[in-house]
Amino acid sequence: MLQQTTVQAVLPYFLKFVTRWPDVTALADEDEEEIMKAWAGLGYYSRARNLKKCAERVAREHHGLFPDNEAALKTLPGIGDYTAAAIAAVVFDRHAAVVDGNIERVIARFTRLTTPLPAAKLAIKEHMHTLTPAERPGDFAQAMMDLGATICTPKRPACALCPLRDMCAVSGLDEAELYPVKPPKNTRPVRRGAAFVAVATDGSVLMRRRSEKGLLGA
DNA sequence: AAAGCGGGGTG
DNA sequence: CACCCAGCTTT
């Protein structure tokens, strides 16, 4: 449910779902039509169909219990890189590198990555893996996501409040002059000197110096 | 690598 | 109005 959907929007749906279908088997045995009706309003309806298919496979192939490793999880319908790692880390306490949109941004800034996405995704995943502690990897992932949601935000990050400020590669830059930018369509990020910091799920620039506002070229 | 998939909240 | 949201699947 949380794939590209805010926690606030999901919460009431999630509560209704877990109340009506308390376990994987209940969901697997339900008619798809009923699940779709309960999903109405959430959008991205393929997620609902994947959820049912996933429940059916977990019920049939795993005795109603989710597999405890990333590789097996990723074979299930609707479960990709992020969700597989999140389940492995949060539910099974495995040392898995969780990378969602927030963590992507946090890591990219933290390492002052200038490679545009999605080419940088592997490097980000690897860096997150080295950063993730063996103990409470799930809590660490959730802390990183919270950091991205509250401090290291897409626009106007609150660097002054950041607990990672002293270790962050971007902290060397003048915070007061850092601000978010979205490049015009049909343009690509251009690097000039060290003042330029590029990152975002769509490959757009997140931050650059105000004085170089006209830096983007076609 | 890029397109397609939704609805809702926010500045 | 643009942008963003605990992404995944299919071209």
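Throughout, protein chains are lettered first and strands after them, A, B, ... in sequence-line order, and every chain is numbered starting at 1. None of these values were measured; they are calculated from a predicted model.
Taking Ile, Leu, Val, Met, Phe, Trp and Tyr as hydrophobic and joining them when side-chain heavy atoms fall under 4.5 Å apart, one finds A:L122 isolated, its cluster having no other members.
For the pair A:G148 and A:D81, nearest-nucleotide mapping onto DNA chain C gives the more 5' position to A:G148.
Side-chain atoms of A:K125 come within 3.5 Å of backbone atoms of A:A97 as a donor-acceptor pair (strictly under, hydrogens ignored).
Partners of A:R49 under the salt bridge (Lys or Arg N to Asp or Glu O under 4.0 Å) rule, at least two apart in sequence or in another chain, do not exist in this structure. With sequence neighbours left out, the side-chain contact (heavy atoms from CB on, under 4.5 Å) criterion links A:A88 to A:E70, A:L73, A:R94, A:A96. Here A:F17 pairs with A:W21, A:W39 under the ring-ring contact (aromatic ring centres under 6.0 Å, His included) rule; sequence neighbours left out. Partners of A:A55 under the side-chain contact (heavy atoms from CB on, under 4.5 Å) rule, at least two apart in sequence or in another chain, are A:V24, A:L27, A:A28.
Counting to the nearest Å, the P atom of C:dC8 and the CG atom of A:L73 are 12 Å from each other. If you take CD of A:E104 and P of C:dG7, they are 9 Å apart, rounded to a whole angstrom. The NZ-P distance, from A:K155 to B:dG11, rounds to 10 Å in whole Å. Protein atom CZ of A:F14 is 16 Å distant from nucleotide atom P of C:dA6, rounded to whole Å. In this structure, A:I124 places its CD1 atom 16 Å from C1' of C:dA6, rounding to the nearest Å. Going from atom CD1 of A:I103 over to atom C1' of C:dC5 covers 15 Å, rounded to whole Å. Atom CD1 in A:I107 sits about 17 Å away from atom P in C:dA6, given to the nearest Å.
For B:dG11 and C:dA6, the P atoms lie 14 Å apart once the distance is rounded to whole Å. Between the P atoms of C:dT11 and B:dG6, the separation comes to 15 Å (whole Å).
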Taking only N/O atoms, report every protein-nucleotides 9-11 of chain C pair under 3.5 Å with atom names and distance.
from	atom 1	to	atom 2	distance (Å)
C:dT9	OP1	A:G78	N	2.6

Report, one pair per line, the protein and nucleotides 6-9 of chain B atoms (nitrogen or oxygen only) whose separation is under 3.5 Å.
from	atom 1	to	atom 2	distance (Å)
B:dG6	OP1	A:Y45	N	3.1
B:dG6	O4'	A:Y44	N	3.2
B:dG6	N7	A:Y44	OH	3.3
B:dG6	O6	A:Y44	OH	3.0
B:dG6	N1	A:Q4	O	3.0
B:dG6	N2	A:T5	OG1	2.8
B:dG6	N2	A:L42	O	3.1
B:dG7	O3'	A:G41	O	3.1

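At a threshold of 4.0 Å, the pair A:E56-A:K53 does not count as salt-bridged, since none of the basic side-chain nitrogens sits closer than that to a carboxylate oxygen.
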Which atom pairs, donor and acceptor, lie under 3.5 Å between side-chain atoms of residues 142-152 of chain A and protein residues at least two apart or in another chain?
from	atom 1	to	atom 2	distance (Å)
A:T150	OG1	A:D146	O	2.8

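Considering only heavy atoms from C-beta on, A:L65 stays 4.5 Å or farther from A:V58 through its side chain. Residues A:Y44 and A:Q3 fail the side-chain proximity criterion, which asks for heavy atoms closer than 4.5 Å. The shortest side-chain heavy-atom distance between A:R47 and A:Q4 does not fall under the 4.5 Å cut-off.
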Item to complete: Take A:L113 and A:I107, measure what side chain to side chain contact (heavy atoms under 4.5 Å, CB included) needs, and give me the verdict at the end.
Response: CA-CA 8 Å; A:L113 198 67; A:I107 298 285; over 6 Å; no

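Contacts with DNA chain C (heavy atom under 4.0 Å) in residues 86-100 of chain A: A:D100, listed by number. Scanning residues 126-135 of chain A for heavy-atom distances under 4.0 Å to DNA chain C yields an empty list.
Under the ring pair (Phe, Tyr, Trp, His ring centres under 6.0 Å) criterion, the residue pairs touching residues 78-133 of chain A are A:H95-A:H129, with sequence neighbours excluded. Residue pairs meeting the ring pair (Phe, Tyr, Trp, His ring centres under 6.0 Å) criterion with at least one partner in residues 139-159 of chain A, sequence neighbours excluded, do not occur; the list is empty.
Comparing B:dA1, C:dC5, C:dA6 against the side chain of A:R105 picks out C:dC5 as the nearest.
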